[in-house]
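The structure appears below as structure tokens.
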Amino acid sequence: MTDPSDTRDTAPRPFSPLWTYLTGVIITGIAALMVAEVRLGFGQLATLTRTSLFWVLLVLVVLGELRPIVVSTSRLAGGTATSTLFTFAVLLYQGLSVAVLIHSLALVVSGLVHRRAWHRVLFNVSQVSLASMAAAVVLGAFGHHPHPVQPWVPGGTDITAVALAAVAYFAVRGVLVCAAVALHERRSLFRVIRTTIGHQSLVYAALLGLAPPVVIVMSHSPALVPLFVAPLATMYLTASLSVRRDHQAMHDGLTALPNRKLLILRTEEALAEARDDARVGLLLLDLDRFKEVNDTLGHPVGDRLLQIVAHRLTHSVRPGDVVARLGGDEFAVLLPTVRDAVAAREVAARLRAALTEPVRLEGMTFDVDASVGIALYPDHAPDFELLLQRSDVAMYFAKEGRTGVEVYLAEKDRNSPERLNLLGDLRRAVGQGELVLHYQPKVSLASGAVEGVEALLRWWHPDRGLVSPADFIPLAEQSYLMRQITQHVIDAALEQAACWWHSGLQVPVSVNVSARDLLDSALPDQLEAGLDRLQLPAGAIQLEVTERILMTDQAYTADSVRALVDLGIPLALDDFGTGYSSLVRLQRLPVDEVKIDGSFVQRLGKSVDDERIVRSIVDLVRSLGLRSVAEGVETEEVAQHLREMGCDAAQGWRFGEPMPPGEMTVWLQERLSAATYGRCEPAQVRAL
């Protein structure tokens, strides 16, 4: 039942509050130990070590240190060593010097066996020495000065002296240890004492209360002292069974990390203790591509990888932070105190850095990475459930954007009340004519001729007014509405194209579709039926899809893409340069046109790096026999740069802003050299 998140053996940072405290206690305690042993003298020590009682007691105290009684799964409470019984009995019978000597030797042996850090061993020796000295002072106040030469056996009238000495012993040890735990865990001393005092006091009362009977047995027949091991063993086994059940209920069986139930308790404790000037952070961490390891090498290898990840995480957080496994490859990290989102990001970055070190299993090397979502109390949520939900949302933002770490943002949360309300309004808007299409022209940079128009969706909300596509398009993409909206946009664009083509304005209309829409087998059928019904050629409509489609292997083999190519519908690659494209992938997709993202185009003449990027894209596209179109062209200076680079066409406010159908019709009539125009009234265009 070892707690992998126990960092008590990690040396404190020099001159930190914990380091200063431990150093002070160790120096004071070692000084007290030396004074006590000087009083004993080497001659008496040699005589003492030749007695069987000394070695019997030493063995019992060592065994007691190796097997403490643990009555709580709380890391703050820890365990109570059964050696306390025999140490206090020796203190009563033979005095301070012998008790401190035996207990110090036992602590050193226990430290070696458990491989504890030396600062921890020295602290334990010191706090036991100081507690024993406090008890000896109380006994001295009552006129009792036990010594190996003159042992003391308490009688019935000495109950008060023994009880007060026990209280002093317990109080000094408790305060010294709780202060160290409070500094280590970065908790309040009052909180640590309140958490541990109940469990510890009951066990200490039982152990210290048995000390006088042990003294009486030692004075009459030392050989019978080991018989006290029986009741101690019963206490130990009973407590161990109870704690093991509690541990299994609160910890993950594979990694021994806290599970969701214990994480809830720890989070509620942290929220209850949170100060006004501090925050509580919850980080949700999900391993990337873990399923591939499980599917390829099997679950045993995947389990070993999870254990390695758990070890790395617990050794990368601060003392007091809680690492929990929620299931599968999902972990959570609780930060009971964190300054702000920047500090939480630093912790998340440290966790990801710890995981990036390659792992070698089954003769193979794995590169482990993770996506981390961060939510803070009280900034993002008031309780555990909302913290977990919103850190989960942030984690998926990190996965989708491949950013590694994201902090929760309410405006991006599709589950936030405001966005859910907006989704409901959008559902209504589809059927009530609130969604309309505006059109922006695309012109040749060489001749200025109009080469087509792009249909852009607009939403006129009855209360909010014009809603930006950046606000509702991502919302629609995350719901079933996107497919319905795409179908309506295509129908409306086809009808507008028919209106223009049949009146002599033969300009192709471009429509944006998502990767999911492009791979939908129903899309070619919808377009074919619409073109036949409206008597339009395939070239009257063009589909634009973002560069992200290049990362989908299915796009190169999908029946829907082949069907669109067979119909003769041209495809354009939108927002090129912002994704993860490669020349090989671009060659494999049957596109006719590549649109350069406006974020690069708008900085032409201002950024040398962006100019190199745009020039490289234009050259690349030309070498593949495709057309290049620059988006976001707002000035003649930028347009001239593009002409010099050999870019084919451009789109942006320099040539025309997005216009409703009626204005777009007038604009086209003024610029196209058609001999005769038919009439195409805006009223003929069916709005969505």
Walk me through whether His251 and Asn259 qualify under side-chain contact (heavy atoms from CB on, under 4.5 Å). CA-CA 5 Å; His251 290 77; Asn259 59 15; 5.6 Å; no
Partner set under ring pair (Phe, Tyr, Trp, His ring centres under 6.0 Å) for Trp55, not counting sequence neighbours: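 None.
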Taking only residues two or more places apart in sequence, or in another chain, which ones meet Tyr93 in a ring pair (Phe, Tyr, Trp, His ring centres under 6.0 Å)? none
Results of side-chain contact (heavy atoms from CB on, under 4.5 Å) for [X] - residues two or more places apart only:
| X | answer |
| --- | --- |
| Ala343 | Val338, Arg339, Asp340 |
| Leu355 | Leu285, Leu287, Val309, Arg312, Leu313, Val368, Ala370 |
| Ala165 | Phe88, Ala135, Val138, Leu139 |

Report the residues that fulfil side-chain hydrogen bond (donor to acceptor under 3.5 Å, both in side chains) with [X], sequence neighbours left out, ordered by chain and then residue number.
| X | answer |
| --- | --- |
| Thr403 | Glu406 |
| Ser129 | none |
| Arg350 | none |
| Tyr169 | Arg173 |

So, applying side-chain contact (heavy atoms from CB on, under 4.5 Å) with Val333, which one of Leu283, Val322, Ile374 is it?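 Between Val333 and the candidates, side-chain contact (heavy atoms from CB on, under 4.5 Å) is satisfied uniquely by Leu283.
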Asp392: partners by salt bridge (charged side-chain N to carboxylate O under 4.0 Å, His left out), with sequence neighbours left out: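 Expected list: none.
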For residues 376-386, which residue pairs qualify under side-chain hydrogen bond (donor to acceptor under 3.5 Å, both in side chains), counting only residues two or more places apart or in two chains?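 Sorted pair list: Arg260-Glu385, Arg279-Asp379.
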Check residues 220-233 and write down every donor-acceptor pair under 3.5 Å in which the side-chain atom is one partner and the other belongs to a residue at least two apart or another chain.
residue	atom	partner	partner atom	Å
His220	ND1	Ile216	O	2.9

